[in-house]
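One structure is given below, encoded as C-alpha cells.
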Amino acid sequence: MAGLDSLRQEFRRLFGAEPRAFRAPGRVNLIGGHTDYNEGWVLPLAIDRDCLVLATARSDRRLRVHSREFGETIEAGLDGPAAGEHHWSRYVFGVAWALGGIGVPVAGADLLVASDVPHGGGLSSSAALEVSTAFALSGLASVSPDRAKIARACQRAENGFVGMRCGIMDQLASCFGRRDHALLIDCRTLDVRPVPLDSSRVRVVVANTMARHALAGSAYNRRREECEEAVRRIAAVRPGIRALRDASWEKIASLAQDWPESIRHRARHVTLEIARVHAAAKALESGDYEALGTLMLESHRSLHEDYEVSSAELNLMVELARELPGALGARMTGGGFGGSTVNLVRAEAVDDFTASLAHLYESRTGIVPQITACRPGDGAGEIV
Ligand code: ADP
Ligand code: MG
C-alpha cells in the first residue's frame with residue numbers, strides 16, 4: 001500500500017509518537033461458497049490490497065483508535081464497553097478481547113487504521129482490519145502467537161463482539177496468503193496448503209455489483225441454521241456426522257428425499273461445492289485454468305439455484321462476464337445477496353475484460369460497478 005510515510009506523519013500528528021506498522025490483506029475466494037462454516041474446504045487467495053494498523057503502546061489499559069476511512073477517533077478502556085452495536089471500532093475492541101482469550105497480554109495502545117480494501121465489496125475489509133489489529137496488539141505485547149490462533153481469535157471477535165457469524169476463511173486467508181498462490185484451506189483442521197496460481201497466465205478480477213440487499217446478515221445466519229438442520233437429520237441416521245463436510249451428496253441424496261426442499265437444496269449445494277473445491281485445487285496444480293473456470297460457473301449456478309444467495313445483479317454480472325474474450329469463469333463470492341463476483345481471466349485480456357464488463361453492466365443497470373484486478377499477495381505481518 002502506498003503512503004506509509006504520510007501515515008507515519010499522520011500518526012505522529014495524532015498521537016505524538018513514532019509507531020510500528022502492521023499490515024493484513026483482504027481476500028477473495030475463488031471457489032467454495034458457504035462451505036467454510038460447514039467445516040469444508042475453500043480456495044481463497046490473499047489479494048494485493050491491505051489494511052494497515054500503525055501502533056504504539058500506552059501505559060494504561062485504554063485503546064485510542066483512529067480510522068482514516070471513517071475520519072473518527074474512538075477511545076475507551078480495554079475492559080469497558082465499546083461504541084454502539086454496529087460501530088467500526090467494535091472490530092478493534094473485539095480483537096483486543098479475543099486476543100486476551102488466547103493468552104496474549106494485551107495492553108493499552110494508540111492505533112491508526114488505514115485500508116485500501118473496499119468495504120462491503122466482498123474483499124473482506126473486516127478480516128483485514130481484525131488481522132492487522134491482532135498483529136499490532138500482539139507485536140506491541142512482544143508475543144507472536146501462531147497464525148491459526150490469530151485467525152481463530154479474529155473470527156471470535158467478529159462472531160462474539162460484532163455479532164456476525166462469519167466462518168474462519170477470511171481471517172485464515174489474510175494470515176496465510178502467499179504471493180502467486182491460492183490457499184486450499186481445510187476449515188475443520190485449519191490446515192492451509194498453498195496451490196500455485198500463475199499470475200502471468202491468469203488474473204483474478206473482482207467485480208462489485210454495488211448492490212446489496214437488506215437482510216443479507218440475517219439470511220446468512222438462516223443458511224447456517226438450515227445447514228445445522230441438515231446435519232441433525234443426517235446424524236439421526238448416521239451418528240458420527242458432525243458437519244456437512246462429513247457427508248457426500250452421493251451418500252445422502254436418497255436420505256434427503258423426504259426433507260423439506262430448502263434443507264435438501266442447501267445440503268446438495270454444500271456437499272457438491274466441497275467436491276468442486278477439491279477439483280479446482282487439482283486444476284490449479286496442473287495449470288488447467290479452463291477446468292477451474294468451468295467449476296466456477298457450476299459453483300455460481302448452485303449458489304443461485306440451490307443455496308439461493310445470489311441476486312439479479314450478481315447473475316447479470318456473471319452472464320455478461322462469461323461472454324467476454326479471455327473470460328474463463330465467473331461466480332458470486334462472499335455471503336451473497338449482492339456484493340461481488342470473482343472472475344478468472346486470461347492475463348493478456350484483463351484490461352479489455354475490465355473495461356467491457358464495466359461498460360456492459362452500467363448500460364444494463366445504470367449502476368457504475370467497481371472492478372478490481374488482483375494478484376495473489378502475501379499474508380499479514382509487520383512492515384519493517
Ligand atoms: P467486508 O468485510 O466484505 O468488506 P463487512 O461488512 O464484513 O464487509 O466489513 C466492513 C466493516 O468493517 C466496515 O463497515 C467497518 O465497520 C469495518 N472496517 C473495514 N475497514 C475499516 C477501516 N479502514 N476503518 C474502520 N473500519 C473498517
Ligand atoms: Mg467481512
Side-chain angles (χ1 to χ4, degrees), residues 1 3-4 7 10-11 14 21-29 33-34 36-37 42 44 46-47 49-55 63-75 82-96 111-134 136 151 154-175 206-221 309 314 332-342 370 372 374 380:
M1 185 197 204
L4 184 56
L7 275 176
E10 189 174 345
F11 191 96
L14 282 165
F22 302 82
R23 56 164 283 279
R27 65 90 190 96
V28 60
N29 190 22
H34 292 264
D36 61 347
Y37 53 81
V42 289
I47 59 170
R49 286 175 173 243
D50 301 314
C51 180
L52 266 60
V53 173
L54 276 59
L63 285 182
R64 191 160 46 147
V65 49
H66 180 85
S67 162
R68 193 185 58 177
E69 283 64 45
F70 285 77
E72 192 182 14
T73 307
I74 298 292
E75 180 175 349
E85 217 183 333
H86 299 294
H87 197 270
W88 61 265
S89 63
R90 290 189 78 86
Y91 292 90
V92 176
F93 283 86
V95 167
L111 306 169
L112 169 59
V113 174
S115 179
D116 66 356
V117 184
H119 301 168
L123 293 172
S124 206
S125 67
S126 59
L129 171 59
E130 290 151 14
V131 173
S132 55
T133 300
C154 290
Q155 181 199 20
R156 204 166 306 126
E158 188 155 344
N159 291 171
F161 224 78
V162 180
M164 184 67 187
R165 290 186 68 190
C166 63
I168 186 78
M169 169 179 68
D170 301 357
Q171 294 81 3
L172 279 175
S174 185
C175 284
V206 177
N208 186 349
T209 61
M210 305 304 278
R212 180 168 286 280
H213 299 276
L215 301 177
S218 64
Y220 176 93
N221 291 343
V309 289
L314 287 166
M332 57 156 283
T333 185
F337 304 102
S340 298
T341 64
V342 55
Q370 194 178 61
T372 316
C374 305

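We count ligands from 1, going down the list as the structure has it; atoms in each ligand are counted the same way.
- Here is the list of ligand 1 atoms found below 4.0 Å of a heavy atom in Pro118: 4 (O).
- Side-chain contact between Phe22 and Leu52: absent, with no pair of heavy atoms (C-beta onward) separated by less than 4.5 Å.
- In summary, the side chains of Glu72 and Trp88 do present a donor paired with an acceptor at a separation below 3.5 Å, with no hydrogens or angles considered.
- Residues Arg49 and Pro118 approach most closely at NH1-CD, 3.9 Å, considering heavy atoms.
- Protein heavy atom at the shortest distance from atom 23 (N) of ligand 1 is Glu69 OE1, 2.8 Å.
- Ligand 1 lies nowhere less than 4.0 angstrom from a heavy atom belonging to Cys51.
- Looking at heavy atoms from C-beta onward, Leu54 lies in side-chain contact with Leu4 at the 4.5 angstrom threshold.
- Atom 26 (N) of ligand 1 has Trp88 CB, 3.2 Å as its closest protein atom, hydrogens excluded (heavy atom only).
- Close approach to Ser115 involves these atoms of ligand 1, each under 4.0 Å from a residue heavy atom: 23 (N).
- Using cut-offs of 30° and 60° for the angle between ring planes, the Tyr220 and His34 rings count as tilted.
- Atom 14 (O) of ligand 1 has as its closest protein heavy atom Phe70 CZ, 4.1 Å.
- Within the 4.5 Å cutoff, no side-chain heavy atoms of Phe161 are placed close to those of Glu130.
- Between Arg27 and Asp170 there is a salt bridge, with a side-chain nitrogen of the basic residue lying less than 4.0 Å from a carboxylate oxygen of the acidic one.
- Of the heavy atoms in Ala114, none comes closer than 4.0 Å to ligand 1.
- For ligand 1, the atoms lying closer than 4.0 Å to a non-hydrogen atom of Ser67 are 22 (C), 24 (N), 25 (C).
- Taking 2.8 Å as the criterion, Ser126 counts as a coordinating residue of the Mg ion (ligand 2), since one of its N, O or S atoms falls below it.
- You'll find the side chain of Ser132 stays beyond 4.5 Å of the side chain of Asp50, heavy atoms only.
- Of the protein's non-hydrogen atoms, His119 NE2, 3.3 Å is the one closest to atom 21 (C) of ligand 1.
- Looking at atom 10 (C) of ligand 1, its nearest protein heavy atom turns out to be Ser125 OG, 3.4 Å.
- Between the side chain of Thr333 and the backbone N or O of Thr341 there is no donor-acceptor pair closer than 3.5 Å.
- Those atoms of ligand 1 that come under 4.0 Å of a heavy atom in Val113, given as number and element, are 22 (C), 23 (N), 24 (N).
- Listed for the Thr209 side chain is a donor-acceptor partner under 3.5 Å among the backbone atoms of Gly339.
- Taking atom 18 (N) of ligand 1 as the reference point, the nearest protein heavy-atom neighbour is Leu129 CD2, 3.6 Å.
- Here the heavy atom of the protein found nearest to atom 17 (C) of ligand 1 is Tyr91 CE1, 3.7 Å.
- Regarding atom 2 (O) of ligand 1, its nearest protein heavy-atom neighbour is Ser126 OG, 2.9 Å.
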